[in-house]
There are 2 protein chains.
Amino acid sequence: MSPAPEAPKGRRGRRGAAEDTRGQILAAARSLFAEHGYEGTSLRRVARHAAVDPALVHHYFGGKEELFAASVQLPADPARVLSPVLQLPTAQRGEPLVRAVLGLWESELQPTMLTLIRSAIGSERQSALMREVFRRRILTTLMTGTDFDEQEKELRAELVAGQVLGLLITRYVVRLEPLASLPVDEVVRLVGPKVQQYLTDPLDLGPNGNRD
Amino acid sequence: MSPAPEAPKGRRGRRGAAEDTRGQILAAARSLFAEHGYEGTSLRRVARHAAVDPALVHHYFGGKEELFAASVQLPADPARVLSPVLQLPTAQRGEPLVRAVLGLWESELQPTMLTLIRSAIGSERQSALMREVFRRRILTTLMTGTDFDEQEKELRAELVAGQVLGLLITRYVVRLEPLASLPVDEVVRLVGPKVQQYLTDPLDLGPNGNRD
DNA sequence: ACCTTAATTCATCACGTGATGAATTAAGGT
DNA sequence: ACCTTAATTCATCACGTGATGAATTAAGGT
């Protein structure tokens with residue numbers, strides 16, 4: 001009720017130390033980009049969400065593109081997350097692969113991951129980018145150590161990508177309900193084997209081994 | 001070179017009959033929404049793309065929301081596309097299910113489908129909508145005729161949804177390359193069996209039946 | 001031939017957008 | 001105590017957005 005002297009509406013100039021405005025802006029941006037995507041998020045909204053003057057967003061980040069880039073910057077190279085999986089023989093990569101990917105999503109990186117997947121699918125331009133990233137970083141490594149011909153390697157890697165992507169979307173984006181709340185271990189047990197099949201089994205093997 | 005009298009820049013009033021302006025606007029909208037999503041597409045851009053005055057968009061559709069709704073209106077109820085599949089016993093639904101869904105995407109509905117999937121994933125609001133649709137329309141029907149308990153039915157339906165969604169995204173949205181150009185029959189043979197496994201096989205069966 | 005009605009254009013609104021630059025204030029090193 | 005430098009606010013731009021309403025022209029029934 002009293003006109004709080006600690007929050008003087010429009011006092012200019014520098015504030016008390018250690019308020020980490022930059023951090024607050026970044027946090028707000030991460031959350032809003034994750035929820036509404038790039039186009040659906042305005043700088044002013046980010047500023048309001050962070051309780052900060054819009055001009056500060058420019059001050060710290062330079063512009064919307066840069067803010068987005070910063071929001072999506074990963075602290076750890078995701079390739080490194082996958083590398084332990086690649087040490088294993090192909091015949092045992094299914095479950096560890098799923099586990100590694102889920103691990104990324106269960107961490108504090110989840111909003112970032114959400115933003116990445118949302119924007120990667122949201123428009124043609126971004127999808128093209130994803131296509132390239134996949135070609136360059138995933139495909140080449142995922143199937144190392146197998147002796148399928150090139151074409152088959154690519155196809156298998158893409159089927160794996162599809163299975164994993166679908167899992168991520170149903171669990172973390174759309175959040176369908178039993179699935180979304182299942183413990184990681186269980187999801188790994190459910191989906192890991194299918195990934196393994198795409199990795200190494202004969203390619204059109206029926207359900208439960210249909211030999212007829 | 002000559003100042004074409006057939007295309008008089010700013011002549012007002014009604015045009016020659018049978019130009020189907022409404023149709024052109026709708027077509028432009030479908031294509032642009034499919035490519036850039038809802039937020040990324042402006043009415044003026046649609047108008048320019050259809051070579052038409054922006055006010056006409058309002059004249060015919062009333063506003064952006066309505067234009068979007070009209071762009072996404074499906075000529076056939078997708079539930080009817082699935083219903084033949086549901087006639088079959090659960091043990092044989094895998095491949096037909098995949099084939100039915102792919103059929104939808106290989107038709108002239110593809111841009112509409114693209115828009116639907118893009119917007120459904122693009123923002124939290126839309127994702128929530130998708131969650132509801134799935135609950136109401138897919139889940140209940142997909143597992144009819146099995147005797148798993150309720151929880152397991154839901155989980156299986158969601159795993160199927162994930163597998164199919166992932167396939168659609170890699171093939172039609174991101175268009176990863178061997179996969180995107182594969183004939184439908186082949187994709188059905190590749191993915192159908194996995195769907196079948198999610199539908200009916202014991203839930204954590206390993207690759208190629210790992211009994212060890 | 002006439003008249004209603006639909007299609008089209010134009011001018012214009014109010015608003016939110018991303019962006020910039022100057023003015024102000026405090027922090028923090030010296 | 002001083003001075004540079006960083007953080008913050010404010011005013012302001014130019015522009016694109018979705019939207020509306022009046023004015024104009026032809027279509028098409030009678």
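Just so we're on the same page: letters track the sequence lines, and every chain starts at 1. Given the structure is predicted, the values throughout are model-derived calculations rather than measurements.
Comparing A:R45 and A:A55 by the nucleotide of DNA chain C that holds the closest heavy atom to each, the one mapping nearer the 5' end is A:R45. With DNA chain D read from its 5' end, the first of the two nearest nucleotides for A:V52 and A:R44 is the one closest to A:V52.
Taking atom CD of B:E66 as the reference point, atom C1' of D:dA19 lies 11 Å away to the nearest angstrom. Straight-line distance from the NE2 atom of B:H58 to the P atom of D:dA19: 4 Å, rounded to whole Å. A straight line from CD1 of B:I25 to P of C:dA7 spans 10 Å, rounded to a whole angstrom. Atom CG of B:L56 is separated from atom P of C:dA7 by 9 Å (rounded to the nearest Å). Rounded to an integer number of Å, the gap from CG of B:L43 to P of D:dG18 is 4 Å. Note: CG (B:L32) to P (D:dG18) measures 12 Å, nearest angstrom. Taking atom NE2 of B:H59 as the reference point, atom P of D:dT24 lies 18 Å away to the nearest angstrom. Counting to the nearest Å, the C1' atom of D:dG21 and the CG atom of B:D53 are 13 Å from each other.
A close approach under 4.0 Å does not occur between any side-chain nitrogen or oxygen of B:S42 and OP1 or OP2 of D:dG16. Residue B:T21 has no polar side-chain atom (N or O) positioned under 4.0 Å from OP1 or OP2 of C:dA7. In this structure, A:Y60 reaches the D:dT8 phosphate: one of its side-chain N or O atoms is under 4.0 Å from OP1 or OP2.
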| request: Please test B:E95 against B:K194 for salt bridge (charged side-chain N to carboxylate O under 4.0 Å, His left out), starting from the C-alpha separation and ending with a verdict. | output: CA-CA 9 Å; B:E95 300 205 359; B:K194 304 298 179 286; over 6 Å; no
| task | Any chance you could lay out the salt bridge (charged side-chain N to carboxylate O under 4.0 Å, His left out) test for B:E124 and A:R118, step after step, and finish with the verdict? | result | CA-CA 10 Å; B:E124 191 55 43; A:R118 280 224 156 96; 3.4 Å; yes
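Across all strands shown, D:dG28 pairs with C:dC3; the Watson-Crick or G-U wobble distances both stay below 3.5 Å. Pair check for D:dC10 finds C:dG21; Watson-Crick or G-U wobble, both atom distances under 3.5 Å.
Within a 6.0 Å radius of CD in B:E132, more than 12 heavy atoms belonging to other residues, nucleotides or ligands are found.
Side-chain contact check for A:Q196 and A:T200: at least one donor-acceptor pair (N or O, by modelled atom type) lies under 3.5 Å.
Between B:I169 atom CD1 and A:I121 atom CD1 the span is 4.0 Å, to the nearest 0.5 Å.
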